[in-house]
Amino acid sequence: MSNIFLDFFNSLINPKNIFNVTKKSFFIPFLITLFYIFSPVFLRNMPLLEVGRFDVFKLKLLIFILLFSYLSSGIRMLFCSDSNLLYAYISSVSPITLGLLGKPFLYFSVLWVIILRFYIDLKKKNYYSVIIGIVFDFFLVWWLL
């Protein structure tokens with residue numbers, strides 16, 4: 001479990017070590033989803049099932065985190081020459097935890113993830129993956145907003 005937190009740290013602070021991730025980083029999006037579910041962002045206005053009080057943005061945010069993590073990584077892997085990058089792509093979503101501090105931090109963290117994935121692709125010279133991945137990531141961001 002401690003390796004997962006090291007992957008979090010590398011994605012947030014030390015991107016040059018993003019390639020040293022473990023297979024356990026596959027579960028990082030699930031941890032982030034749990035952080036969001038038990039955060040004040042979700043626990044405020046708890047009666048989600050009452051008619052007229054359902055907050056669609058919260059549900060879209062959870063779906064966004066999972067799609068942004070797994071589907072975006074899978075699409076990038078289709079156009080990637082190195083099959084070992086899947087865990088690096090998935091662990092690169094770690095900065096989304098900053099989104100718990102508010103919407104400006106969420107926007108900054110999503111931008112940081114896109115830049116980090118751009119860095120991973122350029123470092124490994126996966127140019128098709130850069131183009132397809134950025135288009136898909138911006139589509140997901142547009143869908144969230």
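Nothing here was measured: the structure is a model prediction, and the numbers come from that model.
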Distance (rounded to the nearest 0.5 Å) between [X] [atom1] and [Y] [atom2]:
{"X": "S94", "Y": "I18", "atom1": "OG", "atom2": "CD1", "value": "6.5 Å"}
{"X": "C80", "Y": "I75", "atom1": "SG", "atom2": "CD1", "value": "13.5 Å"}
{"X": "N20", "Y": "L6", "atom1": "CG", "atom2": "CG", "value": "8.5 Å"}
{"X": "I65", "Y": "L31", "atom1": "CD1", "atom2": "CG", "value": "11.5 Å"}
{"X": "F64", "Y": "L106", "atom1": "CZ", "atom2": "CG", "value": "7.0 Å"}
{"X": "L67", "Y": "W143", "atom1": "CG", "atom2": "CH2", "value": "6.0 Å"}

*Measure centre to centre between the rings of F26 and Y70, then say whether the value is under 6.0 Å.*
yes
*Using the six-membered ring wherever Trp is involved, compare the ring planes of W142 and F139 and label them parallel, tilted or perpendicular (cut-offs 30° and 60°).*
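Rings of W142 and F139: tilted, as their planes differ by 30° to 60°.
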_Test your reading of the model: is there a side-chain donor-acceptor pair from S72 to the backbone of S69, 3.5 Å cut-off?_
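No, the answer is negative, given that no donor and acceptor are paired below the 3.5 Å cut-off.
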Within a strict 4.5 Å, meaning less than it, do heavy atoms of the [X] and [Y] side chains meet?
{"X": "L85", "Y": "K123", "answer": "no"}
{"X": "S129", "Y": "R117", "answer": "no"}
{"X": "Y128", "Y": "D121", "answer": "no"}
{"X": "Y127", "Y": "L122", "answer": "yes"}
{"X": "Y107", "Y": "V141", "answer": "no"}
{"X": "T22", "Y": "Y87", "answer": "no"}
{"X": "F9", "Y": "N17", "answer": "no"}

Please tell me whether [X] and [Y] are part of a single hydrophobic cluster in this structure, the criterion being side-chain heavy atoms less than 4.5 Å apart.
{"X": "M77", "Y": "I131", "answer": "no"}
{"X": "V113", "Y": "L100", "answer": "yes"}
{"X": "V93", "Y": "Y89", "answer": "no"}
{"X": "V110", "Y": "F118", "answer": "yes"}
{"X": "L140", "Y": "F30", "answer": "no"}

*asked:* What verdict does the side chain to side chain contact (heavy atoms under 4.5 Å, CB included) test give for V130 and K125, after you've listed the backbone C-alpha separation in whole Å, the side-chain angles of each residue and the deciding distance to 0.1 Å?
replied: CA-CA 9 Å; V130 169; K125 297 181 180 168; over 6 Å; no
*Start with the C-alpha gap between L98 and W112, add the side-chain angles, then the distance that decides, and say whether side chain to side chain contact (heavy atoms under 4.5 Å, CB included) holds.*
CA-CA 10 Å; L98 295 176; W112 179 251; over 6 Å; no
*Is there a side chain to side chain contact (heavy atoms under 4.5 Å, CB included) between I28 and F8 once you walk through the steps?*
CA-CA 8 Å; I28 285 177; F8 266 89; 3.9 Å; yes
*Measure across S91 and S25 and return the closest heavy-atom pair with its distance rounded to 0.1 Å.*
CB-CB, 3.8 Å
*Full working for side chain to side chain contact (heavy atoms under 4.5 Å, CB included) between L71 and F136*: CA-CA 9 Å; L71 195 57; F136 185 75; 3.6 Å; yes
_Out of the candidates I96, L66, I37, L62, only one should pair with I32 under the side-chain contact (heavy atoms from CB on, under 4.5 Å) rule; please name it._
I96
*asked:* For F105, is the CZ atom crowded, meaning more than 12 foreign heavy atoms sit under 6.0 Å from it?
replied: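 Open.
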